[in-house]
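Right, one structure below, let's go through it.
Excluded from the calculations below are hydrogen atoms, water molecules and symmetry mates; all remaining heavy atoms, backbone and side chain alike, are included. Reminder, nothing fancy here: chain letters follow the sequence lines and each chain counts from 1.
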Amino acid sequence: MRNTRRSLTRESAPETVRAPFRAKRRLLESAAMASLLESGRTHTCQQLRRDHVDERVTLFGWVHRRRDHGGRIFVDLRDREGITQVVFGPDIHQDTHAQAESLRSEFCIGIAGKVVDRGDNENPNMETGGIEVEVDALEIFSASDTPPFTISDDDRLETNENVRLRYRYLDLRRPSFQRNFATRARISYITRRTLADLGFYELETPYMVKYTPGGARNFLVPSRLHPGSFYALAESPQIYKQLFMVAGFDKYFQITRCFRDEDLRNDRQPEFTQIDVELSFATPERVFGPMEQLMGALWSEILGTELPRPFPRLSWQEAMDRFGSDKPDMRFGLELHDATAASRDCGFRVFDGAPCVKGLCVPPDQAGGLGRNQLDKLTDFVKKRENGAAKGLAWVRVAKDGSWEAPFAKNVKPEAKAAITEAMGAEPGSLMLFIADEWETVHTVLCALRLHLRDRFELVPPGAQWRFLWVTDFPLFEQNDKGQWVSSHHPFTSPRPEHVDLMLSDPGVVRAQAYDLVLNGNEIGGGSIRIHRSDVQAKVFTALGLSDEDARAKFGFLLDAFRYGPPPHGGIALGLDRIAMLICGAESLRDVIAFPKTQRGQDLMTGCPTPADDPQLEELYIRHRPLPGGEGTGESGAG
RNA sequence: GGGGCGGUAGUUAAGUUGGUUAUAACGCCGGCCUGUCACGCCGGAGGUCGCGGGUUCGAGCCCCGUCCGCCCCGCCA
């Protein structure tokens, strides 16, 4: 449907006029076909330089752009490596020049000819701009419909994402994508080489696994052989890699796909790739070492950057206190300051009534950029975060004499003002921004505000900075919205040994031997030391409110395995897609995943997911309920 | 589940208070052109204004609903 009109305009009119010419050209094409493809290309479209002048070369690629001057036709020939200008002319080769008149964008062709120096006509904007190829043989491997958008990295030709996703194979032809996927391939290669050299076995685990409750929502796969039963797509190889340790494999890694049926984001896809690692006789440091080595190899070989090692470590508590985040962006300051103690009984009801009062102190040189209007916008910003958890933003401008300019200034006792100003590290001209609320709200909102100001004031100095960070000692448990204790990481995470006895009496303070690898505010990996002692595991299940029967039903096979001499072990999983995104400088995960899904989980190219046929469903003994808002016809496909 | 931005020619966009034949650029088609490199010049074709309903003498524009894309919160390590 979509190309009918275009092909008509292209084909119909000239077909009659040019029929004899075309017949002749077909003969020429078929004659060339045998030779060029057969003999193969001699170079890529990136290689030729002045050194190659006078050589006879063969290039294969796509018509990137065509400039027809009548007596001269210039074609920019593009392959995955680069672009080379090739030129046709009657004085170079009469028939080939005539043949080249039919070339259009994205035709896939092969050319042969002589490399010539462009002399004064060189193009300094092209790496191959010093030369061109004078073509004496052209082979059109295949023609192309007019592409729906121009294959280019030029911002001025930017196309809507839905169109690009529908023609993903064309979008991927752009030079920037070609580069990203070349980089991604190198990341995979360097990862395999580095970890293999360190003695890790690359082993595979199943994708179709037993459903385990908790954590992310699973995709389900119905079993035909067991009607009414389902596999789950693995949300991670977690349990299997632990069983590898029980099996005595000692060190394992895998570059593997994981599946999670949760809502999508810029940096979250329903299927994504992890570098999954586990090792026996592990301590956190024995996990960090190889991972730092891996990161070092990636950054060194791909970006030419030598990362300072070891990476800094920060406890979860300190990360939260100072940055309000368990994945702080360490490239700039603007840390959180605690004014809770200083503002006790200060007279301002909002502060007095809050369990936690903390804030950011914007230094004088940036504070000037925040007028009343801007502050109102910041207030709106914080009110909208976390489903509107924060009730407002309190701001104070510190005047030259240290006095306060703030809507509520006269409510606050003078001695409290001084104490708060001091606690915030403010000086004359500073702007203090406070959130007074529950501990969690204060920190999450200030974290969001901190990142917002980072972007607003461009607080990250220009130039690539890579601030890796290990965040350690996460809480072992957290409370869900029903007040139940649940695992922060997963139930096999080991508590710090000295906290084992606190698990039942004071679960909230127990810290886990769990850690995240953070880079510039992005979580790029996370892992833990696992529990290998059944008495400790039993206490965790008790703390989680899991009965023996429940635990056996859910994880019986693992508990059984752990009765046979499990080694102490631990590991980590790194997000390969996110790492690729950061190394490539991409803004979205979609830029480093070849065939991504949209935010609603669809593949716009294939149109999936699609309703299943009745016979398929019948075979699986599946019948779905009436669809929301529909008649139950399964009508939910793309429109 | 919630908030925000967007959807007009193949593509990117403009479109006034609701008013006659919906504009432009790029692309496409035809012609010309031997040094372009975002080639240039002349001519031409191309529209279900996302979809459905409503208000109106009249809707791209106003109202209601709905679909799709992106960003964010919840959710998710």
Side-chain angles (χ1 to χ4, degrees), chain A residues 2-3 5-14 17-18 64-76 83 85 87-92 97 104-105 118-126 128-129 132 145-150 152 154-167 215-217 235-236 238 258 260-270 272 274 326-327 380-381 383-389 444-445 448 452 471 474 481 487-490 514 516-518 523-528 572-573 575 578 587-588 590 598-600 602 604 629 636-639:
Chain A
R2 53 192 92 103
N3 281 327
R5 213 172 289 116
R6 188 166 49 241
S7 2
L8 279 179
T9 52
R10 154 138 337 143
E11 299 296 340
S12 60
V17 180
R18 293 190 152 217
H64 189 61
R65 255 184 265 275
R66 166 193 69 117
R67 293 175 294 279
D68 185 348
H69 289 227
R72 270 274 181 282
I73 298 172
F74 300 96
V75 166
D76 292 337
I83 292 177
Q85 172 166 291
V87 58
F88 302 83
D91 50 336
I92 301 168
H97 177 250
R104 293 295 183 273
S105 289
R118 286 176 62 175
D120 292 345
N121 286 322
E122 74 175 325
N123 183 347
N125 302 320
M126 284 171 72
T128 59
E132 65 192 359
D145 280 359
T146 303
F149 49 84
T150 306
S152 166
D154 196 326
D155 296 343
R156 291 164 294 194
L157 305 171
E158 198 55 76
T159 301
N160 276 342
E161 191 122 17
N162 51 353
V163 178
R164 292 169 49 192
L165 286 171
R166 195 159 107 204
Y167 300 94
R217 197 178 288 122
E235 52 182 270
S236 84
Q238 183 59 39
C258 302
R260 293 178 190 169
D261 187 7
E262 295 293 344
D263 285 0
L264 280 61
R265 284 285 189 286
N266 191 10
D267 61 350
R268 272 166 24 198
Q269 281 276 313
F272 60 98
Q274 280 189 348
D326 58 7
K327 46 175 181 173
D380 287 343
F381 173 82
K383 280 182 178 172
K384 282 181 189 156
R385 305 300 294 198
E386 314 300 318
N387 271 2
T444 50
V445 170
H452 182 74
V471 176
F474 277 69
D481 45 17
S487 295
S488 307
H489 192 56
H490 56 60
D516 276 359
L517 181 57
V518 173
E523 180 204 329
I524 60 172
S528 63
I572 191 168
R578 285 185 186 171
E587 287 177 5
S588 164
R590 294 185 299 279
T598 68
Q599 199 156 37
R600 296 203 64 241
Q602 287 185 306
L604 293 184
S636 63

B:rA13 and B:rG6: how far apart are their P atoms, nearest whole angstrom?
-> 11 Å
Spacing of the P atoms in B:rG43 and B:rC26 (rounded, Å) | 14 Å
side-chain contact (heavy atoms from CB on, under 4.5 Å) involving A:Ala514 - partner list, sequence neighbours excluded | A:Phe474, A:Thr493, A:Ala512, A:Ser528
Results of ring-ring contact (aromatic ring centres under 6.0 Å, His included) for A:His64 - residues two or more places apart only | none
One should read off an interatomic distance between A:Asp267 CG and A:Glu587 CD, to the nearest 0.5 angstrom, of 13.0 Å
With A:Asp76 via salt bridge (Lys or Arg N to Asp or Glu O under 4.0 Å) - residues at least two apart | A:Arg67
Using the C1' atoms only, state how far B:rC49 lies from B:rC29, rounded to an integer number of Å.
-> 25 Å
P-based separation of B:rU8 from B:rG50 [nearest Å] = 6 Å
Could you check whether the rings of A:Tyr167 and A:Phe149 sit parallel, tilted or perpendicular, using 30° and 60° as the cut-offs?
-> perpendicular
When the C1' atoms of B:rG40 and B:rC33 are considered, how many whole Å apart are they?
-> 8 Å
Answer with yes or no whether A:Arg118 presents, from its side chain, a donor or acceptor under 3.5 Å of a partner atom in the base of B:rU36.
-> yes
Measure all distances between protein nitrogen or oxygen atoms and nitrogen or oxygen atoms of nucleotides 23-25 of chain B, and list the pairs falling under 3.5 Å.
none

A:Phe272: partners by ring-ring contact (aromatic ring centres under 6.0 Å, His included), with sequence neighbours left out | none
Presence of A:Arg72 side-chain N/O under 4.0 Å of B:rU34 phosphate oxygens OP1/OP2 = no
Sub-3.5 Å pairs of nitrogen or oxygen atoms, protein against nucleotides 75-77 of chain B:
| from | atom 1 | to | atom 2 | distance (Å) |
| --- | --- | --- | --- | --- |
| B:rC75 | O2' | A:Glu262 | OE1 | 2.7 |
| B:rC75 | O2 | A:Arg268 | NH2 | 3.3 |
| B:rC75 | N3 | A:Arg268 | NH1 | 3.4 |
| B:rC75 | N3 | A:Arg268 | NH2 | 2.8 |
| B:rC75 | N4 | A:Arg268 | NH1 | 3.1 |
| B:rC76 | O2 | A:Arg268 | NE | 3.3 |
| B:rC76 | O2 | A:Arg268 | NH1 | 2.8 |
| B:rC76 | N3 | A:Arg268 | NH1 | 3.3 |
| B:rA77 | OP1 | A:Ala216 | N | 2.9 |
| B:rA77 | O2' | A:Glu523 | OE2 | 3.3 |
| B:rA77 | N1 | A:Ser488 | O | 3.2 |

Indicate whether OP1 or OP2 belonging to B:rU11 is found under 4.0 Å from a side-chain N or O atom of A:Arg166.
-> no
Determine the interatomic distance between C1' on B:rG58 and the same-named atom on B:rU17; round to the nearest Å.
-> 14 Å
Contacts of A:Arg265 that satisfy salt bridge (Lys or Arg N to Asp or Glu O under 4.0 Å) - sequence neighbours left out | none
Given B:rG69, is OP1 or OP2 found less than 4.0 Å from the side-chain N or O atoms of A:Asn160?
-> no
Does the side-chain ring of A:Phe74 sit on the six-membered ring of the B:rU36 base, less than 5.5 Å centre to centre and under 30° in tilt?
-> yes
Using whole Å, report how far CD of A:Glu161 lies from P of B:rG50.
-> 20 Å
Over how many whole Å does the gap from A:His97 atom NE2 to B:rG35 atom C1' extend?
-> 12 Å
Length of the line joining A:Arg65:CZ and B:rA38:C1', which is rounded to integer Å = 6 Å
Excluding sequence neighbours, so at least two apart, what forms salt bridge (Lys or Arg N to Asp or Glu O under 4.0 Å) with A:Arg260?
-> none
With centres under 5.5 Å and planes under 30° as the test, does A:His69 stack with B:rC39?
-> yes
Identify whether any heavy atom of A:Asp261 sits under 4.0 Å from a base atom; if not, whether one sits that close to sugar-phosphate; answer base, sugar-phosphate or nothing.
-> nothing
Between B:rG7 and B:rA14 - C1' atom distance, rounded Å | 15 Å
Can you name the residues that form a salt bridge (Lys or Arg N to Asp or Glu O under 4.0 Å) with A:Asp516, not counting sequence neighbours?
-> none
Nearest-angstrom distance, P atom, B:rU16 to B:rA77 = 48 Å
